[in-house]
Amino acid sequence: MKRAKKYPFLSLQRQRFHLNFVNASSVGSVPSENDFYRWVFATLKDKYRRAEISLILLDEEEARAYNRDYRRKDYATNVLSFALNEGEIMPHQFSDGLYGDLIICPQVVLKEAEEQGKTPERHFVHLTMHGTLHLMGYDHIREDEAEIMEAAEIRLMQAAGYPNPYQQDEH
């Protein structure tokens, strides 16, 4: 009888993708680091052989400061994406992967989820994938870009077992 080979999938996955997770938010009811890891990995796994992402949860005041300082918009937003390679030629050691930072403001996410009639988890999934797609170069400034990005978000959300993020829940 043949012995089945052991395949260290999780070990190899952790070699390909590393998430630096920091919860600096005062909100107690946020998804776990493992949840965020799964959602980011599901978004980028088919496009990148390697990735290192920092995901930081910040309260409104700090998120507002980042949005003001980097985007010149003086309000806290749900997610901010900072791609390491944005507009730059990268050194060889960074050329084969995706490297960047995501900042998520749980207070804004929870407020939007309630306003949109979505569960907090569903909205956290959507915004995590949305931010990761921004790191990957997707955008929604022009209508044609928005259509491409929204189609990717819908496909990713449905693959993860969630409904279309652009449809409202019915109460």
* May I have the step-by-step check of side chain to side chain contact (heavy atoms under 4.5 Å, CB included) for I103 and F82, ending in yes or no? => CA-CA 8 Å; I103 295 173; F82 300 95; 3.8 Å; yes

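- By the side chain to side chain donor-acceptor pair (under 3.5 Å) test, R72 pairs with no residue at all, sequence neighbours left out.
- At least one side-chain heavy atom of M136 sits under 4.5 Å from a side-chain heavy atom of T43.
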* side chain to side chain contact (heavy atoms under 4.5 Å, CB included) between H130 and H140, intermediate numbers included -> CA-CA 10 Å; H130 179 90; H140 48 79; 3.3 Å; yes

* Run the numbers on L98 and R50 for side chain to side chain contact (heavy atoms under 4.5 Å, CB included), then give the verdict. => CA-CA 6 Å; L98 180 65; R50 299 187 52 76; over 6 Å; no

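- Taking all atoms of both residues into account, the shortest heavy-atom contact from N164 to Y166 is OD1-N, 2.7 Å.
- Residues N67 and L80 have side chains in contact (heavy-atom distance under 4.5 Å, counting atoms from C-beta outward).
- For the pairing with P106, the side-chain contact (heavy atoms from CB on, under 4.5 Å) check across S25, S29, P31 returns one residue only, S25.
- For the salt bridge (charged side-chain N to carboxylate O under 4.0 Å, His left out) condition, no pair includes a residue of residues 21-32, sequence neighbours left out.
- Contacts of R38 classified as side chain to side chain donor-acceptor pair (under 3.5 Å), with partners at least two apart in sequence or in another chain: D35.
- For R155, the side chain to side chain contact (heavy atoms under 4.5 Å, CB included) criterion is met by A152, not counting sequence neighbours.
- Side chains of L110 and V27 form a contact here, defined as non-hydrogen atoms less than 4.5 Å apart.
- When every heavy atom of S26 is checked against every heavy atom of D59, the shortest pair comes out as N-OD1, 2.9 Å.
- Applying the salt bridge (Lys or Arg N to Asp or Glu O under 4.0 Å) criterion to E33, with sequence neighbours excluded, gives no partner residue.
- Under the rule for a side chain to side chain contact (heavy atoms under 4.5 Å, CB included), the partners of D74 that lie at least two apart in sequence or sit in another chain are R64, R68.
- Contact check for I53 versus T132: no side-chain heavy atoms found under the 4.5 Å cut-off.
- Separation of atoms CG (D101) and CG (L84) is listed at 8.0 Å; rounding is to 0.5 Å.
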* Walk me through it: do Y37 and F17 pass the test ring pair (Phe, Tyr, Trp, His ring centres under 6.0 Å)? => CA-CA 9 Å; Y37 183 96; F17 171 55; 4.7 Å; yes

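- Put simply, the side chain of Y99 does not reach to within 4.5 Å of the side chain of L135, judged on heavy atoms.
- Residues M149 and V125 share a single hydrophobic cluster, defined by chaining ILVMFWY side chains whose heavy atoms lie under 4.5 Å apart.
- Applying the side chain to side chain donor-acceptor pair (under 3.5 Å) criterion to D46, with sequence neighbours excluded, gives no partner residue.
- Judged as a side chain to side chain contact (heavy atoms under 4.5 Å, CB included), and not counting sequence neighbours, the contacts of E62 are L58.
- In this structure, the side chain of T128 does not engage the main chain of V40 through any donor-acceptor pair within 3.5 Å.
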* Step by step, work out the side chain to side chain contact (heavy atoms under 4.5 Å, CB included) result for E143 and E147. => CA-CA 6 Å; E143 189 172 332; E147 288 175 10; 3.6 Å; yes

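- Cluster annotation: M129 is not connected to V108 through the hydrophobic network of ILVMFWY side chains, with a link wherever side-chain heavy atoms come within less than 4.5 Å.
- No path of Ile, Leu, Val, Met, Phe, Trp and Tyr side chains, each step under 4.5 Å between heavy atoms, connects Y75 with Y66, placing them in separate hydrophobic clusters.
- Of the listed residues (E121, R122, H126, H123), just one forms a side-chain hydrogen bond (donor to acceptor under 3.5 Å, both in side chains) with Y162, and that residue is E121.
- Listed here is the closest heavy atom pair of V79 and G131: CG2-CA, 4.1 Å.
- Taking all atoms of both residues into account, the shortest heavy-atom contact from A113 to P120 is CB-CA, 4.1 Å.
- Scanning for ring-ring contact (aromatic ring centres under 6.0 Å, His included) contacts around F21 gives F36, with sequence neighbours left out.
- Applying the side chain to side chain contact (heavy atoms under 4.5 Å, CB included) criterion to K45, with sequence neighbours excluded, gives F41.
- Remark: E145 engages no residue in a side chain to side chain donor-acceptor pair (under 3.5 Å) (not counting sequence neighbours).
- Within the 4.5 Å cutoff, the side chain of V22 has no heavy atoms near those of the L57 side chain.
- The closest side-chain heavy-atom distance from T77 to C105 is not below 4.5 Å.
- Cluster annotation: L127 is connected to M157 through the hydrophobic network of ILVMFWY side chains, with a link wherever side-chain heavy atoms come within less than 4.5 Å.
- K118 places no side-chain N or O within 3.5 Å of a backbone atom of Q167 that could act as its donor or acceptor partner.
- To the nearest 0.5 angstrom, E112 atom CD is 12.0 Å from Q107 atom CD.
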